[in-house]
Protein chains: 2
Amino acid sequence: MKETKQPDIETGNKQDERSRRTSSRILTEARRLFAEYGFTGVSAEQIVATAGVTRGALYHHFDGKKGLFRAVLNQVQTEIEERVKNAVAQVQDPMEMLIAGNNEFLAACLDPGLQRILLTEGPAVLGWEEWRAVDEDHVQGKYRAFLAKLMDNGVLRPFPVDALAHIISGAANEAAFWAARAEDPETALAQAQSTMAEMIRALRSE
Amino acid sequence: MKETKQPDIETGNKQDERSRRTSSRILTEARRLFAEYGFTGVSAEQIVATAGVTRGALYHHFDGKKGLFRAVLNQVQTEIEERVKNAVAQVQDPMEMLIAGNNEFLAACLDPGLQRILLTEGPAVLGWEEWRAVDEDHVQGKYRAFLAKLMDNGVLRPFPVDALAHIISGAANEAAFWAARAEDPETALAQAQSTMAEMIRALRSE
DNA sequence: TTGACGTACATACAGTATGTATGTAACCTG
DNA sequence: CAGGTTACATACATACTGTATGTACGTCAA
């Protein structure tokens, strides 16, 4: 059976132990290599070679090279979800939660490897729709729901919530690209964060 | 000599005539097929076959498959540049020029094929940097300069201009993705346009 | 006009990629 | 401890890219 997802907690026997180690090593190397060379820039053979196995193992654990990429993307998304969740939990004001989450997302995407997997390769390899579906499951879905709540509560002025969610998300993605490549990424990050924060605050009900 | 650019106006002799027809047909078919299947989803052989030539012609006129894609992207960008320029020329108020240009860009990107070439495949095939460089030559460069002017004139509040330009551009790109896939793209487009317009207006000096 | 040279391709070939089918050793289970 | 299952490795068929080479046609000077 091809995974792509974690196989729900295995029993502790020897085969499963071996399985997990192998698939985990493939996943780790795939992430490293995809991050550096992109999906088409690295061959399945190179990935499994650095992981010390053959392509047989890859096709056993994942649904081909594309399935492997999917698994890598899910891992990346899960990590970002965690970071954003933690950042948001540290403030109380709803408006500031929005901004804190956005700031943390931007900071996370400063890593060029993560950025390439998530933002550059993701949509091209999986197609925009599948890519968005993955995102929806991790951060975008909750983000949109939160926006809707803020509008219901009258904190934000009324906007078409889907449109607004995509606009902000797209802004953040591109800002992250830019910041990561700037001469001084840290300064650029700060500028991106403050500029987006000001734009978001401008959406408040006056 | 590999082109990628138009070969400056050829003399009207028979060979050049043949050359132009061949490269033009390859370019046309490449655009159609890249738009529908993406860069990796179509082989060079398929492109030249529908164009009625062989891969020899492709490698003669373009710098390989990637060079062909570059040429297609440039064509797409040139068309968008033209559309946006015309739309902007129809209004006088600087603030409205900004919004009119943005609206027109969003409308242009409703076409899924154009969208795929420009926004999905572009960054993945060429890398974000080269992709941005192409964009810079066509619309992004002028856009940024215009933003800077509006800030100098005090029409817009002061922002880091690079950050702001990328934020707005990224917002537009993602809004276009969303609108094109919405159940009702026309309504979604209108929502994306009005929402972005409101956000842009919120940047004015009060 | 003609013959030499350049242009615009076509064809052939080599290298590398992917997916699949099949083999096999270790493991687990009744 | 036999029989089936799991976790891979190996072998193979197919496809795609780039390059090297061949060739017919066009062009131009003598």
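Chain naming here is simple, since letters A, B, ... match the order of the sequence lines and numbering starts at 1 in each. Any value given below was found using the heavy atoms of this structure, including those in side chains, with hydrogens, waters and symmetry copies removed.
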Sequence neighbours excluded, the answer for salt bridge (charged side-chain N to carboxylate O under 4.0 Å, His left out) partners of B:Lys142 is B:Glu81
To the nearest angstrom, the CG-C1' distance between A:Asp16 and C:dC28 comes to 10 Å
Please list, for nucleotides 11-16 of chain C, all pairs of protein and nucleotide N/O atoms separated by less than 3.5 Å.
none

In whole angstroms, the gap separating P of D:dA13 from OH of A:Tyr59 amounts to 17 Å
Sequence neighbours excluded, the answer for salt bridge (charged side-chain N to carboxylate O under 4.0 Å, His left out) partners of A:Glu186 is none
Worksheet item: Are A:Arg132 and A:Asp135 ion-paired here, with the side-chain N under 4.0 Å from a carboxylate O?
Response: yes
**Request:** Indicate whether OP1 or OP2 belonging to D:dC8 is found under 4.0 Å from a side-chain N or O atom of A:Ser19.
**Result:** yes
Comparing B:Ala57 with A:Glu45, nearest DNA chain C nucleotide closer to 5' gives the residue B:Ala57
Does B:His60 place a side-chain N or O at less than 4.0 Å from the phosphate oxygens OP1/OP2 of C:dC9? no
| Salt-bridged, B:Glu104 to B:Lys85, with N to O below 4.0 Å? | no
query = Is any side-chain heavy atom of A:Met199 less than 4.5 Å from a side-chain heavy atom of B:Leu164?
reply = yes
Quiz item: Counting just side-chain N and O atoms, does A:Gln46 come under 4.0 Å of either OP1 or OP2 of C:dA17?
Solution: yes
Atom CZ of A:Phe62 and atom P of C:dT20 are separated, to the nearest Å, by 17 Å
Taken to the nearest whole Å, CG/A:Asn13 to P/D:dA7 is 9 Å
Nucleotide N/O to protein N/O under 3.5 Å, stretch nucleotides 21-25 of chain D:
none

Taking 4.0 angstrom as the limit, do A:Glu130 and A:Arg70 come out as a salt bridge? yes
note: A:Arg21, atom CZ; C:dC27, atom P; distance rounded to Å ~ 13 Å
* Reckon B:His61 has a side-chain N or O less than 4.0 Å from the OP1 or OP2 of C:dA8? -> no
Taken in chain and number order and not counting sequence neighbours, the residues that satisfy side-chain hydrogen bond (donor to acceptor under 3.5 Å, both in side chains) with A:Glu29 are A:Arg32, A:Thr50
Practice prompt. Evaluate the ring planes of B:Phe34 and B:Phe69, with Trp represented by its six-membered ring, and classify them as parallel (under 30°), tilted (30 to 60°) or perpendicular (over 60°).
Written response: perpendicular
Using distance only, find each side-chain donor-acceptor pair of residues 111-125 of chain B under 3.5 Å and give its atom names and separation, not counting sequence neighbours.
residue	atom	partner	partner atom	Å
B:Asp111	OD2	B:Leu114	N	3.1
B:Gln115	OE1	B:Arg181	NH1	2.4
B:Gln115	NE2	B:Cys109	O	2.6
B:Gln115	NE2	B:Ala176	O	3.0
B:Arg116	NE	B:Glu121	OE2	3.2
B:Arg116	NH1	B:Glu36	O	3.1
B:Arg116	NH2	B:Tyr37	O	3.4
B:Glu121	OE1	B:Phe39	N	3.1

When rounded to whole Å, the CG to P distance for the pair B:Leu68 and D:dT17 reads 11 Å
Atom CG of B:Leu58 and atom P of C:dA8 are separated, to the nearest Å, by 15 Å
Between CD1 of A:Ile26 and C1' of D:dA9 the distance, given in whole Å, is 12 Å
